[in-house]
Amino acid sequence: MTEHPTANSADTPATAALASNILNIRDRLPPHVRLVAVTKTFPASLVRQAYHAGLRDFGENRLQEALDKQDALADLPDIRWHFIGHLQGNKAKKAIERFAWIHSCDSLKLAHRLDRLAGETGARPRVLLQVKPLPDPDKYGWSVAELSRDWPQIVALPALNVSGLMTILPLGLSAPDVVSAFANVRDLAAKLRNDSGLALPELSMGMSGDYPLAIEAGATTIRLGRSLFGERLQKM
Ligand SMILES: *Cc1c(COP(=O)(O)O)cnc(C)c1O
């Protein structure tokens with residue numbers, strides 16, 4: 001899809017095209033895979049259209065942009081918001097209160113802070129730990145070795161609802177390298193599960209460019225932006 005389905009009217013051609021694109025993608029997903037629609041840079045009106053096409057899970061990577069859309073869509077009762085971007089410590093309280101999921105807990109320091117805030121506020125969003133199966137200086141998150149090292153401390157946090165792992169792979173990998181990097185994340189989750197008894201059910205991995213391979217490797221949640229909505233309005 002190349003046009004931007006941002007029209008406000010409920011039944012414009014753009015809306016119909018968006019709905020059929022969403023249904024097409026969703027119909028091909030295994031039923032156990034959760035589809036998070038990544039709506040960063042798109043207006044609340046597009047989120048509303050996607051909601052009416054049947055989606056319920058929406059991902060945003062900037063806190064203020066997300067809060068504005070949440071306010072504009074407060075009438076949608078069962079919408080679930082996922083925070084998928086780097087979270088600064090001073091915004092952690094808002095994030096924990098306003099999101100159902102935080103996919104991007106990317107340091108031990110942030111894990112401690114989210115745990116303290118969860119304790120203070122009573123909010124218990126699902127928290128995923130962001131892992132880098134390959135070295136990637138441009139991204140936040142734990143390497144496999146670092147997360148194994150920090151894991152006992154994370155398990156001991158009393159209020160943090162640690163529910164799984166999340167990853168974003170570096171660009172430009174071959175398909176076999178993508179598959180093996182996703183498999184490394186899956187295997188790390190299995191090892192952490194064994195070491196702790198935590199259920200750790202969620203693997204958030206796969207974006208527009210690589211989600212079929214992520215599902216093959218065991219993803220339970222995929223995060224799609226461009227394949228649902230076309231190119232973003234501004235470069236992120
Ligand atoms: C933007 C973004 C996505 C979606 O990327 P697409 O290539 O548009 O599917 C997924 N995950 C994260 C963390 C993102 O920031």
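Count residues from 1 along the sequence. Atoms within each ligand, like the ligands themselves, are counted from 1 in listed order.
Heavy atoms from other residues, nucleotides or ligands lying under 6.0 Å from NZ of Lys94 number 12 at most. Other residues, nucleotides and ligands contribute only 12 or fewer heavy atoms inside 6.0 Å of the OH atom of Tyr140.
Contact atoms of ligand 1 toward Ile168: 13 (C) (distance under 4.0 Å to a heavy atom of the residue). Every atom of ligand 1 with a heavy atom of Ser208 under 4.0 Å away is listed here by number and element: 6 (P), 7 (O), 8 (O), 9 (O). Atoms of ligand 1 found under 4.0 Å from any heavy atom of Leu224, numbered from 1 in the order shown, are 9 (O).
The single protein non-hydrogen atom nearest to atom 13 (C) of ligand 1 is Ile84 O, 3.4 Å, given as residue, atom name and distance. Annotation: atom 7 (O) of ligand 1 to nearest protein heavy atom, Arg226 NH2, 2.7 Å. The shortest contact between atom 14 (C) of ligand 1 and any protein heavy atom is with Lys40 NZ, 3.0 Å. Of the protein's non-hydrogen atoms, the one nearest atom 5 (O) of ligand 1 is Met207 CE, 3.4 Å.
Ser104 contributes a side-chain N or O that, together with a main-chain N or O of Gly85, makes up a donor-acceptor pair within less than 3.5 Å. At distances below 3.5 Å, at least one donor-acceptor pair connects side-chain atoms of Arg193 with backbone N or O atoms of Leu200.
Contact annotation for Arg232 and ligand 1: only side-chain heavy atoms (C-beta onward) come within less than 4.0 Å of the ligand.
Screening His86, Gln130, Lys132 for a side chain to side chain donor-acceptor pair (under 3.5 Å) involving Asp106 leaves a single residue, His86. Just one of Glu60, Lys69, Arg232 meets the side chain to side chain donor-acceptor pair (under 3.5 Å) condition when paired with Thr39; it is Glu60.
In terms of N/O distances under 3.5 Å, ligand 1 is approached by Gly225. Where the criterion is an N or O separation shorter than 3.5 Å, residue side chain and backbone included, Arg223 meets it with respect to ligand 1.
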Quick one: do Ser227 and Ser208 satisfy side-chain hydrogen bond (donor to acceptor under 3.5 Å, both in side chains)? Show the steps, please.
CA-CA 5 Å; Ser227 55; Ser208 294; 3.0 Å; yes

